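As structure tokens, the structure follows; a few thoughts come after it.
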Amino acid sequence: MRFREWLESSWRIAGFPIKMSELRHGKLADWLTTFEHLPNIRSSHTQFRDTLEVGLPGELSIAEGDVLGQAIDNLIPWRKGPLNLFGRVIDTEWRSDFKWARLCSHIQWQNKNILDIGCGNGYFGFRALDAGARSVVGIDGHLLYALQAALVNWFVRSPNVVVPARFDRDTAQSEFDIVLSMGVVYHQRDADSHLRALFDRCQPGGQVVLESIIADEDILPENRYAGMRNVYLIPRVSTLETKLRDAGFVEPKCVDISTTTIEEQRATKYMPFKSLSAALDPSDNSLTIEGHPAPKRAIVTAHRAN
């Protein structure tokens with residue numbers, strides 16, 4: 001099966017009959033041309049640990065490696081990782097393994113079906129599979145990130161499928177054991193609607209994981225926050241907990257609060273644009289360039305009652 005047919009099939013099986021011909025992106029034709037030349041092999045080496053590893057150096061011919069390298073470069077920027085594909089290390093903007101380490105022990109992943117909202121290239125979904133999850137459906141509105149996940153999955157065919165779609169209450173009609181929303185809620189104009197949609201997709205007895213930038217007092221940025229335009233609310237932890245209860249969840253619990261550092265989020269060869277250091281006040285790194293408190297993140301879990 002060719003790359004395009006396989007990818008559309010994986011989306012369809014996940015419940016999203018999306019056709020590549022329906023998607024609009026100026027680089028899509030170039031991406032697909034490169035992908036159709038990828039070697040059609042299944043790697044003997046897969047390890048979804050801190051670095052997602054697929055393949056070993058020497059498994060690909062020089063020509064096949066060149067095609068893979070071109071595909072990786074064409075999909076810049078890479079934001080979540082790190083990854084290693086057949087010996088090609090992708091140093092991503094986020095050291096997502098730091099966040100996973102803060103989260104993983106608080107969730108029972110074994111045999112769970114997971115929905116990952118705003119999943120990027122599916123890094124946390126791959127880690128969940130390694131922790132014992134049965135399947136993951138990732139949803140992200142950026143086609144680029146869905147194709148990054150597909151590049152990894154082309155060589156392993158894992159049950160972590162990232163779909164290019166926007167999430168709302170009409171998306172993904174199935175219910176899931178665990179619903180992840182990590183780094184998404186503060187980008188929502190209507191945070192309450194987002195949380196109600198999470199509740200609808202969480203099966204009775206299931207669990208939600210909500211990760212957000214937080215502050216000591218609720219902040220409603222008038223223009224930008226840390227250089228980002230689309231930030232509508234930086235909440236207190238108590239505000240997140242209240243909003244989760246209002247959405248129908250029970251027993252909200254904050255399991256981690258951590259300050260985001262320039263070791264965890266930074267510009268790299270594979271994400272060569274402005275990152276956290278450019279968003280902080282150069283004379284006081286406890287503040288953003290707009291004068292707001294610098295990013296601090298909380299992970300809050302809650303349940304849907306049986």
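Each residue takes its place number in the sequence, starting with 1. Given the structure is predicted, the values throughout are model-derived calculations rather than measurements.
Summarising the local packing, NE2 of H37 is surrounded by 12 or fewer heavy atoms from other residues, nucleotides or ligands at distances under 6.0 Å. For D284, the CG atom sits in a packed shell: over 12 heavy atoms of surrounding residues, nucleotides or ligands are nearer than 6.0 Å. Residue Q47 qualifies as enclosed at atom CD: its count of foreign heavy atoms under 6.0 Å is above 12. More than 12 heavy atoms of other shown residues, nucleotides or ligands fall within 6.0 angstrom of atom NE2 in H187. Around atom CD of E22, more than 12 heavy atoms belonging to other residues, nucleotides or ligands sit under 6.0 Å away. Other residues, nucleotides and ligands contribute only 12 or fewer heavy atoms inside 6.0 Å of the CD1 atom of I262. Residue-environment remark: CZ (R2) stays at or below the threshold of 12 foreign heavy atoms within 6.0 Å. Within a 6.0 Å sphere centred on CZ of R157, other residues, nucleotides and ligands contribute more than 12 heavy atoms.
When every heavy atom of D140 is checked against every heavy atom of C119, the shortest pair comes out as OD2-N, 3.4 Å. Considering all non-hydrogen atoms of both residues, A149 and V162 come closest at CB-CG2, 3.5 Å. Summarising the geometry of C202 relative to V208, their closest heavy-atom pair is SG-N, 4.5 Å, with the distance given to 0.1 Å. Across R169 and A197, no two heavy atoms sit closer than the pair CG-CB, 3.6 Å. In terms of heavy atoms, S212 sits closest to Y186 at OG-CD2, 3.4 Å. Among all heavy-atom pairs drawn from L68 and L38, the shortest one is CA-CD2, 4.1 Å.
Proximity of F155 to L85: side-chain heavy atoms (C-beta onward) are nowhere separated by under 4.5 Å. V161 places none of its side-chain heavy atoms less than 4.5 Å from the side chain of F16. S43 places a side-chain heavy atom less than 4.5 Å from the side chain of E59. Considering only heavy atoms from C-beta on, I178 comes within 4.5 Å of L180 through its side chain. Taking 4.5 Å as the limit, every side-chain heavy atom of F35 sits out of range of all side-chain heavy atoms of L7. By the 4.5 Å heavy-atom criterion applied to side chains, E175 and R304 are counted as neighbours. Annotation: side chain of Y232 is in contact with side chain of N230 (closest heavy-atom distance under 4.5 Å). Using a 4.5 Å cut-off on side-chain heavy atoms (C-beta onward), S181 and H194 make contact.
For the atom pair CG (L151) and CG (L75), the distance works out to 6.0 Å, reported to the nearest 0.5 Å. Taking OG of S275 as the reference point, atom CZ of R79 lies at 7.5 Å (rounded to 0.5 Å). For the atom pair I18 CD1 and W11 CH2, the distance stands at 6.0 Å (nearest 0.5 Å). To the nearest 0.5 angstrom, T288 atom OG1 is 8.0 Å from D281 atom CG. A distance of 10.0 Å separates CD1 in I117 from CG in D168, rounded to the nearest 0.5 Å. Atom OG in S258 sits 7.0 Å away from atom CD1 in I299 (nearest 0.5 Å).
The aromatic rings of F3 and W154 are tilted relative to each other, their planes meeting at an angle between 30° and 60°. Between H25 and W31, the ring planes are tilted. Angles from 30° to 60° get that label.
Residue F98 is not grouped with residue I214 when hydrophobic side chains (ILVMFWY) are merged at heavy-atom distances under 4.5 angstrom, including chains of intermediate members. Criterion: ILVMFWY side-chain heavy atoms under 4.5 Å apart, direct or through other members. Under it, L56 and L60 are not part of a common hydrophobic cluster. Note: the hydrophobic cluster containing V231 does not contain I289 (ILVMFWY, side chain heavy atoms under 4.5 Å, direct or indirect links).
Under the 3.5 Å distance criterion, the side-chain polar atoms of S9 are left unmatched by any main-chain donor or acceptor of E5. Put simply, the side chain of Q207 never gets that close to the backbone of T301: no donor and acceptor are under 3.5 Å apart. Remark: the backbone N or O of R134 is not paired with any side-chain donor or acceptor of N111 at under 3.5 angstrom. Listed for the N84 side chain is a donor-acceptor partner under 3.5 Å among the backbone atoms of G87. Judged by distance alone, the side chain of T171 and the main-chain N or O of R166 form a donor-acceptor pair under 3.5 Å. In terms of modelled atom types and a separation under 3.5 Å, the side chain of N160 and the main chain of L129 share no donor-acceptor contact. Under a 3.5 Å cut-off, the side chain of R24 and the backbone N or O of S21 do form a donor-acceptor pair. A distance-only check finds no donor-acceptor pair linking the side chain of E217 to the backbone of R236 [under 3.5 Å]. Not one N or O on the side chain of E53 forms a donor-acceptor pair closer than 3.5 Å with the backbone of H45. In this structure a side-chain-to-backbone donor-acceptor pair under 3.5 Å is missing from N113 to F176.
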Test side chain to side chain contact (heavy atoms under 4.5 Å, CB included) applied to R201 and F167, step by step:
CA-CA 11 Å; R201 301 282 69 81; F167 177 72; 3.9 Å; yes

Let's go through K243 and D192 carefully: what are the C-alpha distance in whole Å and the side-chain angles of both, what is the deciding distance for side chain to side chain contact (heavy atoms under 4.5 Å, CB included) to 0.1 Å, and is it a yes or a no?
CA-CA 7 Å; K243 286 182 176 297; D192 295 325; 3.0 Å; yes

Run M271 and T268 through side chain to side chain contact (heavy atoms under 4.5 Å, CB included) and show every step you take.
CA-CA 5 Å; M271 206 302 291; T268 73; 4.0 Å; yes

What verdict does the salt bridge (charged side-chain N to carboxylate O under 4.0 Å, His left out) test give for R102 and E264, after you've listed the backbone C-alpha separation in whole Å, the side-chain angles of each residue and the deciding distance to 0.1 Å?
CA-CA 13 Å; R102 299 193 290 265; E264 183 173 358; 2.8 Å; yes

Checking D256 against K99 for the salt bridge (charged side-chain N to carboxylate O under 4.0 Å, His left out) test, could you report, in this order, the C-alpha distance in whole Å, the side-chain angles of both residues, the deciding distance, and whether it holds?
CA-CA 10 Å; D256 183 81; K99 188 178 296 186; over 6 Å; no

Carefully, step by step, assess Y225 and I213 under the rule side chain to side chain contact (heavy atoms under 4.5 Å, CB included).
CA-CA 11 Å; Y225 173 85; I213 300 174; 3.7 Å; yes

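For the ring pair (Phe, Tyr, Trp, His ring centres under 6.0 Å) criterion with W100, the lone passing option out of W94, Y123, W109 is W109.
Comment: E36 does not engage R4 in a salt bridge, judged by the lack of any side-chain N to carboxylate O separation of less than 4.0 angstrom. For K269 and D73, the salt-bridge test fails: no basic side-chain N is under 4.0 Å from an acidic carboxylate O.
Neither side chain, Q265 nor T260, offers a donor N or O lying under 3.5 Å from an acceptor on the other.
Every salt bridge (charged side-chain N to carboxylate O under 4.0 Å, His left out) that D50 has, sequence neighbours left out, goes to R127. Residues satisfying the salt bridge (charged side-chain N to carboxylate O under 4.0 Å, His left out) test with D177, not counting sequence neighbours, are none. Scanning for side-chain hydrogen bond (donor to acceptor under 3.5 Å, both in side chains) contacts around E263 gives T261, with sequence neighbours left out.
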